[in-house]
Amino acid sequence: MVRIMQCQKFRFILTVVGLSIIASASMTSARAQTFADLKTALVDYSKADIEPGKACEAMSGFKSNDIVQITAVSVAATAAAPANCRVAGLLQPEIAFEVSLPAKWNGRFYMIGNGGHAGESLDDPSRTSQRDDALKLGFAVAQTNTGHDSRKEPGGTFVLSNPQKAIDYAYRAVHLTVTTAKDVIHNYYGKPVSYAYWNSCSNGGRQGLIEAQRFPGDFDGVIANAPWLDQTGFTIGAMWNQKAISEAPLTPAKLSLLAEKVMAKCDSLDGLKDGLIDDPRKCSFDPARDVPACGEGTDGADCLTPAQAATIAKIYGGPISNGKSFFPGFALGSEAVMPALFGGGTGSGWMNVIVSTQPDGKAADFNLAENTMRYLVNKPPKPDYDYRTFDFDRDIHMLDEWGKQADAKNPDLANFKSRGGKLIMTYGWADSILQPMMGVNYYEQALAKNGPDAMDFFRLFMVPGMAHCSGGIGPDRNDTMTAMINWVEKGKAPESIQASRVVDGKVVRTRPLCPYPQVARYTGQGSIDDAANFRCVKP
């Protein structure tokens, strides 16, 4: 299984993300943004002094209507985590869940999400490290596999054994795990949860948005990083890109040339030549005009053929249906040369995500989309479904029914707002896995739907140069968790969030992230690598 390991080793990792770690129609969980400074977090947020009201083993007798299997085991303290009680089991029909209860609890509940089509093992090292780090700060932590085991039922094939698993994956498993975990926590400590937080990326961001939209009482604070909120629109977009690429394949050399020309055209439009594209929408770039064209009958590494330029334009433009734009394309800058998502040096952000170097010609985005079409959209599933039969004028509505279950596009957050919930969304402008305008468009729709004071509970932070959830060429490490806790528990809305870029363990650049639509602008004095020399202003 190929993995896009968009993870970074932070000083403290407390979160789960359903980072879009994509593999042949699967993503595995990874890390979102967390506390930037463990010592500060310990002082400010982890007064953990609530002790259990009963023995851990007694929790094996905990009952609810949905629990079909439960165990409770005392876990001794290790270098990785403090002593805790691990309650695990199954919810109807096959939803694996786990709740980890520290010996000293800080009163908060934290849940980690899932990547792609989920089904991760709860013992996967990338998940257990997140759980253990959260326990260090005194959080009670829950997780679920959303109702299937991807080692046995990869991608969307889980629906073949039981159609109910599609609903569990789409939304039911997360909500049921939340309610079960809160009951377990209350029963164990004799006190209810004071604050509940969700912090995830990609599919995990989608899960968080669905929680805010459909189950507004579950969480006080939801952080949705690069959310896969329009799963069906993404699927159509990935098929659109695959069709275009199959007609005019692109090589790594061509993409590096494209990246060079995009940066040269777009970098300084914000008034600062710093290797970052502040807002790709401000740049007018035409691959047929702004990249050298190959002479008739030639196809070199230093030029684009007309067909290749047209393919690139389609990737930037997104799918067209009946003459109208249907879904956003990828932003200028997403093709930039950056550390490879699959490891192995650097290359265009599109390589092996949008454009494949594999023998079968299928990149990660398309593999995920094809699997979604075959098993989740088509009812009954069609394992041999051929995307080439999809008509972009005629067939876009064949995804509507699945969208009702899995998409997190509802902009009406009135109930979440009224119960005091807070929502932070982030997106990297250089994301090459999920289209950042998917997030921008949703945010603007939510502002329009929820009234002029919507920013009192919902804020979006766009990150120039950041790839999917992290990585890329810009300052990509940011502390949304501290911002969220301050907002929920202290009433302090985030006016900016500092981001940093770390290379070889050293901070080489910091910048403020600004609440959209504000942008960071250089004051004209001091280092351009120091956030102190930038201000958030209206564009």
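Between Glu211 and Val174, the closest heavy-atom pair is OE2-CG1, 3.6 Å. Smallest separation of non-hydrogen atoms from Gly205 and Ala224: O-CB, 3.7 Å. In terms of heavy-atom proximity, Asp412 sits nearest to Asn410 at N-OD1, 3.0 Å. Residues Lys282 and Leu269 come closest through the heavy atom pair O-CD1, 3.6 Å. The shortest non-hydrogen separation linking Lys404 to Arg214 is O-NH2, 3.4 Å. Counting all heavy atoms, side chain and backbone alike, Ala520 lies closest to Cys514 at N-SG, 3.5 Å.
You'll find the side chain of Asn441 reaches within 4.5 Å of the side chain of Gln445, heavy atoms only. With a 4.5 Å cut-off on side-chain heavy atoms, Phe461 and Met425 do not count as touching. Annotation: side chain of Gln207 is in contact with side chain of Asn203 (closest heavy-atom distance under 4.5 Å). By the 4.5 Å heavy-atom criterion applied to side chains, Ser334 and Trp429 are not counted as neighbours. You'll find the side chain of Leu413 stays beyond 4.5 Å of the side chain of Lys449, heavy atoms only. When side chains are defined from C-beta on, Leu368 does not count as touching Asp365, because their heavy atoms never get closer than 4.5 Å. A heavy-atom distance below 4.5 Å is found between the side chains of Asn114 and Thr144. A 4.5 Å side-chain heavy-atom check between Asn241 and Phe366 finds every atom pair outside the cut-off.
In this structure, a donor-acceptor pair under 3.5 Å is present between the side chains of Thr357 and Asn352. At a cut-off of 3.5 Å, with distance as the only test, a side-chain donor of Asp407 or Thr232 sits close to an acceptor on the other residue. Arg511 and Gln498 share no side-chain donor-acceptor pair at under 3.5 Å.
Side chain of Asp274 to main chain of Ile528: no donor-acceptor pair is present (N/O by atom type, distance under 3.5 Å, no hydrogens or angles). In this structure a side-chain-to-backbone donor-acceptor pair under 3.5 Å is missing from Ser500 to Val507. Looking at Asp391, its side chain does come within 3.5 Å of a backbone N or O of Arg394 through a donor-acceptor pair. Looking at Arg172, its side chain never comes within 3.5 Å of a backbone N or O of Gly147 through a donor-acceptor pair. Trp198 places a side-chain N or O within 3.5 Å of a backbone atom of Gly204 that can act as its donor or acceptor partner. Side chain of Arg206 to main chain of Ala406: a donor-acceptor pair is present (N/O by atom type, distance under 3.5 Å, no hydrogens or angles). The backbone N or O of Gly361 lies less than 3.5 Å from a partner atom in the side chain of Gln242, making a donor-acceptor pair. Proximity of a side-chain donor or acceptor of Ser200 to a complementary backbone N or O of Ile112 within less than 3.5 Å is not detected. For Lys422 (side chain) and Met484 (main-chain N/O), no donor-acceptor pair under 3.5 Å exists by modelled atom type. In this structure a side-chain-to-backbone donor-acceptor pair under 3.5 Å is present from Asn450 to Ala446.
Residue Phe219 holds its CZ atom at 10.0 Å from OH of Tyr110, rounded to the nearest 0.5 Å. Here Thr482 contributes atom OG1 and Lys492 contributes atom NZ; the two are 10.5 Å apart, rounded to the nearest 0.5 Å. Rounded to the nearest 0.5 Å, atoms CG (Asn322) and CD1 (Ile396) are 6.5 Å apart. Interatomic distance, OG of Ser432 versus CD1 of Ile315, reported as 11.0 Å (0.5 Å rounding). The distance from the OG atom of Ser356 to the CG atom of Leu250 is 11.5 Å, given to the nearest 0.5 Å. Here the CD1 atom belonging to Ile433 is positioned 4.5 Å from the NE2 atom belonging to His468, to the nearest 0.5 angstrom.
Using a 4.0 Å cut-off between charged nitrogen and carboxylate oxygen, Asp360 and Lys362 do not count as a salt-bridge pair.
For residues 313-332, the set of pairs meeting the ring pair (Phe, Tyr, Trp, His ring centres under 6.0 Å) definition, not counting sequence neighbours, comprises Tyr316-Trp350. Screening residues 450-467 for salt bridge (Lys or Arg N to Asp or Glu O under 4.0 Å), with sequence neighbours left out, gives Lys417-Asp453, Arg459-Glu495. Identified under the salt bridge (Lys or Arg N to Asp or Glu O under 4.0 Å) test for residues 233-261, with sequence neighbours left out: Lys243-Glu247, Glu247-Lys314, Lys254-Asp299. Every pair passing disulfide bond (SG atoms under 2.5 Å apart) that includes a residue from residues 245-279 is listed here, sequence neighbours excluded: Cys266-Cys283.
Remark: aromatic rings of Phe390 and Phe392 are close, center separation under 6.0 Å. A centroid separation of less than 6.0 Å is found between the aromatic rings of Phe534 and Tyr522.
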Applying side chain to side chain contact (heavy atoms under 4.5 Å, CB included), run through Ile277 and Val262 and close with a yes or a no. CA-CA 9 Å; Ile277 300 174; Val262 169; 3.9 Å; yes
Checking salt bridge (charged side-chain N to carboxylate O under 4.0 Å, His left out) for the pair Asp278/Arg521: CA distance, chi angles, key distance, verdict? CA-CA 9 Å; Asp278 180 78; Arg521 286 288 180 264; 3.3 Å; yes
- Query: After noting the C-alpha distance and the side-chain angles of Val440 and Tyr516, does the key distance pass the side chain to side chain contact (heavy atoms under 4.5 Å, CB included) rule?
  - Reply: CA-CA 9 Å; Val440 173; Tyr516 182 88; 3.4 Å; yes
query = Can you check side chain to side chain contact (heavy atoms under 4.5 Å, CB included) on Leu332 and Arg281, steps first, answer last?
reply = CA-CA 8 Å; Leu332 293 166; Arg281 296 172 298 179; over 6 Å; no
field: Verdict with supporting geometry, Thr346 and Met338, side chain to side chain contact (heavy atoms under 4.5 Å, CB included)
entry: CA-CA 5 Å; Thr346 60; Met338 60 182 72; over 6 Å; no
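Taking the six-membered ring for Trp and thresholds of 30 and 60 degrees, His117 and Tyr169 have ring planes more than 60 degrees apart, a perpendicular arrangement.
Scanning for side-chain contact (heavy atoms from CB on, under 4.5 Å) contacts around Pro381 gives Val159, Leu160, Tyr375, with sequence neighbours left out. Under the side-chain contact (heavy atoms from CB on, under 4.5 Å) criterion, Leu447 pairs with Tyr443, Ala454, Met455, sequence neighbours left out.
Lys379 NZ: more than 12 foreign heavy atoms inside a 6.0 Å radius.
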